[in-house]
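Notes follow the structure.
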Protein chains: 2
Amino acid sequence: MGRTPNVDDELMHARLAEVFRANGYAGASLSDLSRATGLQRASLYHRFPDGKPAMAAAVLTSMESHFGEIFELLASEPDTAEGVAEMARRMALVYRDGRMACVLDTMTLIGAPPEIRAHAARLARAWLQAMAGAAVRAGAAEQDAERRARAALVRIEGALVVARVLDDPSVFEQVLGELPDLLAR
Amino acid sequence: MGRTPNVDDELMHARLAEVFRANGYAGASLSDLSRATGLQRASLYHRFPDGKPAMAAAVLTSMESHFGEIFELLASEPDTAEGVAEMARRMALVYRDGRMACVLDTMTLIGAPPEIRAHAARLARAWLQAMAGAAVRAGAAEQDAERRARAALVRIEGALVVARVLDDPSVFEQVLGELPDLLAR
DNA sequence: GTCTATATTTGGATAGAC
DNA sequence: GTCTATCCAAATATAGAC
């Protein structure tokens with residue numbers, strides 16, 4: 001039985017996440033992670049005896065939990081279009097209005113440990129399932145709902161890439177605005 | 001006046017590109033690049049005295065030239081929908097049917113030199129311009145054409161990310177199929 | 001639990017023989 | 001033009017004091 005995650009852990013994971021998301025798994029050095037958290041490298045190893053892979057895993061687990069809350073919100077909102085709009089608002093925060101990359105993108109390049117990539121794949125599938133569920137509640141047939149959910153994820157991830165490349169976050173905000181129509185129409 | 005690029009150069013750039021695209025800029029080590037090209041690290045430095053940044057720049061220049069040919073094709077095809085379909089077929093080759101990442105994504109993370117990121121941004125803008133031009137020739141108003149081109153790039157980049165994360169290249173093929181409708185309708 | 005100090009390996013880069 | 005050998009810096013990881 002591990003100990004209960006506390007506020008400090010969450011803050012730490014958020015700071016680690018920033019580094020992994022911006023630099024990718026391979027690009028995130030222990031020095032970067034040390035600087036971002038304010039802890040010396042040895043202290044990071046005290047908290048994560050298995051080193052960088054364990055830090056990346058903690059980031060994904062934390063992300064998974066944060067996203068899980070958003071998916072629950074989406075599932076419990078009776079007005080599906082409003083639920084999707086709320087998800088979009090939460091995603092705007094997560095991705096800092098398009099200025100911060102997604103772990104699914106930057107932590108899945110060659111160089112990341114296979115367990116990390118598998119973890120990211122699980123997160124992506126949970127996200128697809130949550131969005132497809134919303135589409136079904138909005139009246140879509142199962143297959144169509146899955147199609148729409150996939151389209152939504154494609155646009156979100158693509159918008160984050162394009163926003164970064166062009167240094168123009170508006171691309172992302174544009175896509176967020178399309179989500180209610182795409183998923184709940 | 002530099003020397004004329006020959007077949008060997010193109011092959012070498014293609015092999016370097018594979019490493020940068022799969023691993024990202026930071027994740028592509030000289031050892032990786034050496035293995036991929038069959039040249040020792042010192043030999044790579046003979047060809048690229050400015051080291052890894054120069055190799056990445058060569059990859060982008062090579063990519064730019066390859067894409068430029070595709071854009072010319074797109075611009076010269078009288079049947080715009082057919083031109084877009086041909087672009088899609090070329091992109092399927094470039095991205096190995098969704099199994100290989102895009103430089104615009106993986107070479108623009110924090111850790112890549114600013115010149116590399118600027119180079120990637122130029123390539124992205126040229127691509128957008130080429131697609132918007134096609135949309136205009138298909139009858140779209142200028143603003144709408146730009147919107148459609150941006151949507152196309154978002155979907156292509158997003159599909160590559162999602163295909164990688166889910167290990168399901170079909171996501172990319174699906175998006176390629178949508179392009180003629182999106183751009184030339 | 002955090003630190004300084006250090007070990008070890010890898011990565012980027014150069015020198016010089018062939 | 002490519003190689004082996006080497007250098008130096010950076011990255012991961014550990015030891016042990018406090």
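Reckoned from all heavy atoms, side chains included, excluding hydrogens, waters and symmetry mates. Keep in mind that this is a model prediction, so the values were computed, not measured. Chain letters run A, B, ... following the sequence lines, proteins first and then strands; every chain starts at 1.
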According to side chain to side chain donor-acceptor pair (under 3.5 Å), does anything in [range] pair up with another residue at least two apart or in another chain? List the pairs.
range                       : answer
residues 125-143 of chain B : none
residues 74-84 of chain B   : B:Glu82-B:Arg89
residues 49-66 of chain A   : A:Glu10-A:Ser62, A:Glu64-A:His119

Going by heavy atoms in the side chains, are A:Glu146 and A:Leu128 under 4.5 Å from each other?
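Of all side-chain heavy-atom pairs linking A:Leu128 with A:Glu146, none is under 4.5 Å.
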query: Would you call A:Met91 and A:Leu179 a side-chain contact if the rule is heavy atoms closer than 4.5 Å?
result: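 Not in contact.
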- [ ] Verify the neighbour count for atom CG of B:Asp167: are there more than 12 heavy atoms of other residues, nucleotides or ligands below 6.0 Å?
- [x]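 Not buried by this count: 12 neighbours or fewer within 6.0 Å.
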[X] has a side chain; which of [options] sits nearest to it?
X       : options               : value
A:Ala42 : C:dA5, C:dT2, D:dA5   : C:dA5
B:Arg47 : C:dG12, D:dT2, D:dC3  : D:dT2
A:Ser43 : C:dT2, D:dC3, C:dT14  : C:dT2
B:Arg41 : C:dG12, D:dT4, D:dT2  : C:dG12
B:Lys52 : C:dA13, C:dC3, D:dT14 : C:dA13

Check: [Y] main-chain N/O paired with [X] side-chain donor or acceptor under 3.5 Å:
X        : Y        : value
A:Thr106 : A:Ala22  : no
A:Arg148 : A:Leu182 : yes
B:Thr37  : B:Met12  : no

Problem set entry | Within residues 28-39 of chain B, residues whose heavy atoms come under 4.0 Å of DNA chain C |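 Those residues are B:Ala28, B:Ser29, B:Leu30, B:Ser31.
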Review point. Does anything in residues 105-117 of chain B reach DNA chain C, meaning a heavy atom under 4.0 Å, and if so which residues?
Key: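 Close to the strand, none.
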Check your understanding: Is any side-chain N of the basic residue among B:Glu86 and B:Arg90 closer than 4.0 Å to the acidic one's carboxylate O?
Key ->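 Result for this pair is yes, salt bridge flagged.
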Salt bridge present between B:Asp105 and B:Arg164 (N-O < 4.0 angstrom)
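Here B:Asp105 pairs with B:Arg164 in a salt bridge, since their nearest N and O are under 4.0 Å apart.
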- prompt: If we fit an axis to the first five pairs and another to the last five of the helix from C:dG1-D:dC18 to C:dC18-D:dG1, what angle do they make, to the nearest 10°?
  reply: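 The end-segment axes of the helix from C:dG1-D:dC18 to C:dC18-D:dG1 are tilted 0° relative to each other.
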*asked:* How many whole angstroms separate atom CG of B:Asn23 from atom P of C:dT10?
replied: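 B:Asn23 atom CG is separated from C:dT10 atom P by 16 Å.
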### Query
Once you round it to whole Å, what is the distance between C1' of D:dT12 and NE2 of A:His46?
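Those two atoms, NE2 and C1', are 18 Å apart.
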Exercise. Could you tell me whether the phosphate oxygens of C:dA13, OP1 or OP2, come under 4.0 Å of any side-chain nitrogen or oxygen in B:Tyr45?
Key: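 Yes, B:Tyr45 has a side-chain N/O under 4.0 Å of OP1/OP2 on C:dA13.
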